[in-house]
Amino acid sequence: MAKNKHRTSRINKGYSEVGASHTRKALKGFTAKSGSPNEDINYNLDTLRQRSRILAISGGLATSALKTTRTNVIGLGLLPKPAIDKDILGLTAEEAKAWQDKAEREFTIWAENKNHCDAIGMNDYYKMQQLAFYSSLMNGDVFTLLQRDEEAVTKLMPYSLRLNLVEADRVATPTGNSAIALSTDGKNSTSNNRIYNGVEVNKVGKVVAFHIRNNYPWEANAESTKWQRVEVYGKKTGLPNVIHTLCDVERPCQYRGVPFIAPVIEMILQIRRYTDSELTAAVVESLFAAFIKTEARTDEMPINEVSNGEEPIETDDTEYEMGAGNVIVMKPGEDVTFADPKRPAGGFSSFVEAVAVQIGASLEIPKEILLKQFNSSYSASRAALLEFWKSVKMRREWFVADWCRPIYEVFIHEAVARGRLKAPGFFDDPIKRMAWLGANFNGPPQGMLDPTKEIQAEVMMCENGFSSRTDSAIKLNGSEYDKNINALKLENEKLKEITIPEAPAQVPSQEAQEENSGT
């Protein structure tokens with residue numbers, strides 16, 4: 001007894017009396033258990049992915065959350081602006097600018113040609129950004145194969161780099177020739193490396209390869225399943241063969257991404273069901289139908305029906321169709337009784353907005369932006385926009401680091417190797433190579449609720465040294481200050497060449513002449 005008393009007094013301390021309590025009524029049924037990232041994420045990932053897709057294509061808050069995030073983070077595309085370190089490279093400002101302009105032109109040749117940028121010839125580099133980012137949000141992650149097509153290299157298209165986007169489902173643990181992924185765990189029989197949901201890791205847990213199938217699980221009329229093992233980096237070049245872009249990383253040793261809306265799937269689904277119910281109830285309540293009970297023949301219509309322009313639904317003798325202005329003759333002995341649900345409910349809008357607050361808080365999207373309603377004051381709307389922009393900047397930096405920058409660096413490697421760009425020391429000195437690879441990626445600006453106030457604020461920041469004009473130009477409308485200055489210079493010179501004719505002298509009216517003469 002004394003031993004048990006000592007054990008009880010030792011356990012019932014700290015969190016054991018609050019959040020970790022097993023005796024408090026509110027927590028007795030809260031039997032939360034967690035395992036490894038592989039168990040908690042990979043074993044449930046297929047279900048989360050399918051549910052996320054269905055909610056994404058069905059409209060409502062899920063679609064808003066995904067597309068709003070994509071549009072603000074990526075927009076029309078994140079444009080690479082070469083920014084080499086001229087001091088390390090020993091270049092003058094003019095030489096550095098000339099090299100950067102040439103590198104930008106070379107990249108444009110490749111990036112804006114979908115037939116030479118996309119391995120399947122569907123999208124250019126910037127549309128592939130949108131697709132890759134959106135796919136990572138909806139499915140949890142996306143894979144980009146960096147392939148080469150030397151046969152397509154011509155004088156007018158001197159680059160062989162091709163991007164091939166692979167959806168999350170196709171990266172899975174090999175299961176022989178089965179079209180269905182039976183297990184997320186496996187092992188490489190040659191190296192004994194573990195495979196977690198298609199991601200092969202070595203003994204220390206480092207990702208070394210991905211296993212890609214040629215079809216989708218459950219795909220109808222698919223070819224026989226074949227697997228291809230793709231190493232993350234090339235052995236000779238050290239450049240990436242495949243880029244893995246994750247939506248969110250929640251835990252250490254997490255090898256696959258979780259869909260963006262995974263934490264709020266249940267709430268979004270319930271709101272969708274609630275909305276469908278209210279919409280159906282409102283439509284039913286708006287329909288006017290007359291039911292005639294008679295002992296006479298029921299094969300004749302005593303009153304003409306009112307057509308609503310829609311094709312009638314084929315029904316049998318036991319079914320009746322509700323419709324606007326329908327007149328239905330019922331069989332002897334039949335009756336119709338309607339409940340009075342008082343729909344649509346008066347609190348529908350406020351309830352949906354209250355749930356949207358919780359969904360938005362989980363996804364770091366204020367309700368004003370999630371619902372596209374800016375009914376609050378200017379200060380409140382601006383605060384919501386600023387708060388949302390924090391997550392936008394974070395996700396943009398992630399995507400640049402995980403997708404944009406690696407692809408840009410691989411492209412510059414090819415441009416230098418082919419002699420299209422001259423970069424001394426690029427393949428000899430890692431410091432110089434890093435200096436040559438410097439670049440910034442500019443995306444859509446934050447947006448302005450009151451342009452006058454926000455431009456005035458930027459002017460004050462520049463005048464007091466809190467911001468540069470280059471940074472302010474990017475922040476306000478995503479433009480380049482140097483290009484703006486050069487364009488304005490040309491425009492002002494053209495304005496000087498224009499001779500504005502003087503306005504003709506106005507002849508005083510008769511009344512004015514008499515008034516001036518004092519008559």
Side-chain angles (χ1 to χ4, degrees), residues 74 77-113 116-117 124-126 128-129 132 144-150 152-163 231-245 396-443 468 470-471 473-474 478-483 486:
I74 305 298
L78 304 180
L79 305 177
K81 304 299 296 183
I84 62 178
D85 193 331
K86 61 183 181 62
D87 296 330
I88 291 179
L89 299 174
L91 302 177
T92 64
E94 291 75 15
E95 291 173 336
K97 187 178 185 307
W99 193 94
Q100 291 170 170
D101 291 343
K102 180 173 176 55
E104 187 174 352
R105 287 192 293 269
E106 290 292 323
F107 188 81
T108 301
I109 293 174
W110 172 81
E112 295 185 358
N113 190 323
H116 295 88
C117 171
D124 64 15
Y125 173 74
Y126 302 105
M128 293 186 78
Q129 284 185 11
T144 307
L145 295 175
L146 279 68
Q147 302 174 341
R148 298 288 177 180
D149 188 0
E150 292 292 342
V153 174
T154 63
K155 185 177 181 180
L156 296 179
M157 177 47 65
Y159 296 105
S160 64
L161 178 62
R162 303 291 182 269
L163 307 180
E231 295 186 355
V232 179
Y233 296 98
K235 294 180 179 179
K236 294 183 178 180
T237 64
L239 299 177
N241 293 323
V242 57
I243 296 174
H244 185 197
T245 306
R396 183 177 294 177
E397 289 297 326
W398 286 352
F399 189 72
V400 166
D402 290 347
W403 201 87
C404 300
R405 194 176 300 281
I407 293 173
Y408 173 80
E409 293 179 354
V410 170
F411 173 84
I412 295 297
H413 272 77
E414 182 175 359
V416 175
R418 292 185 181 275
R420 301 284 300 183
L421 291 174
K422 304 299 181 182
F426 189 90
F427 295 109
D428 303 321
D429 189 340
I431 299 297
K432 288 187 176 181
R433 180 172 61 182
M434 183 174 62
W436 286 116
L437 292 175
N440 299 319
F441 291 82
N442 300 327
S468 67
T470 300
D471 291 339
I474 295 174
S479 64
E480 297 180 46
Y481 181 75
D482 290 339
K483 288 187 177 181
N486 293 333

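These numbers were taken from a predicted model, which means no experiment stands behind them. Throughout, numbering of the chain's residues begins at 1 and tracks the sequence.
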*Take Y125 and I407 through the test side-chain contact (heavy atoms from CB on, under 4.5 Å) and record every step on the way to the result.*
CA-CA 10 Å; Y125 173 74; I407 293 173; 3.9 Å; yes

_Using side-chain contact (heavy atoms from CB on, under 4.5 Å), reason through V153 and Y159 one step at a time and then give a plain yes or no._
CA-CA 6 Å; V153 174; Y159 296 105; over 6 Å; no

*Distance from D429 atom CG to I88 atom CD1, nearest 0.5 Å?*
9.0 Å

_Main-chain N/O of A111 paired with D124 side-chain donor or acceptor, under 3.5 Å_ = no

*Mind checking what makes side chain to side chain contact (heavy atoms under 4.5 Å, CB included) contact with T237, not counting sequence neighbours?*
L239

_Can you give me the closest heavy-atom contact between L146 and T144, atom names plus distance?_
CD1-O, 3.4 Å

_I412 side, atom CD1; R433 side, atom CZ - distance, nearest 0.5 Å_ = 13.0 Å

*So, for C117 and W110, which heavy atoms are closest and what is the spacing to 0.1 Å?*
CB-O, 3.5 Å

*Pair K97 + D101: basic N to acidic O under 4.0 Å*: yes

*Is the number of heavy atoms from other residues, nucleotides or ligands within 6.0 Å of OH (Y233) greater than 12?*
no

*Closest approach of P82 and A103, non-hydrogen atoms and distance?*
CG-CB, 4.0 Å

Side chains of residues 413-420: which donor-acceptor pairs under 3.5 Å do they make with residues two or more places apart or in other chains?
| unit_1 | atom_1 | unit_2 | atom_2 | d |
| --- | --- | --- | --- | --- |
| H413 | ND1 | E409 | O | 2.8 |
| E414 | OE1 | R148 | NH1 | 2.4 |
| E414 | OE1 | L161 | N | 3.4 |
| E414 | OE2 | S160 | N | 2.6 |
| E414 | OE2 | S160 | OG | 3.0 |
| E414 | OE2 | R418 | NE | 2.8 |
| E414 | OE2 | R418 | NH2 | 3.3 |
| R418 | NE | P158 | O | 3.2 |
| R418 | NH2 | E150 | OE1 | 3.0 |
| R418 | NH2 | E150 | OE2 | 3.1 |
| R418 | NH2 | S160 | OG | 3.4 |
| R420 | NE | E106 | OE1 | 3.1 |
| R420 | NH2 | E106 | OE1 | 3.4 |
| R420 | NH2 | E106 | OE2 | 3.1 |

*What residues form a ring-ring contact (aromatic ring centres under 6.0 Å, His included) with W398, not counting sequence neighbours?*
none

*From D87 CG over to L89 CG, what is the distance, rounded to the nearest 0.5 angstrom?*
9.0 Å

_Can you give me the closest heavy-atom contact between K86 and A96, atom names plus distance?_
CB-CB, 3.8 Å

*Heavy-atom closest pair, residues A132 and W403*: CB-NE1, 3.8 Å

_Please find the pair of heavy atoms, one from F441 and one from L78, that lie closest to each other, and give the distance._
CD2-O, 4.1 Å

_Below 30° counts as parallel, above 60° as perpendicular, anything between as tilted: where do the rings of F107 and F411 land?_
perpendicular

*Taking atom NZ of K432 and atom CG of D428, what is their separation to the nearest 0.5 Å?*
8.5 Å

*Within a reach of under 6.0 Å around NZ of K81, are more than 12 heavy atoms found that belong to other residues, nucleotides or ligands?*
yes

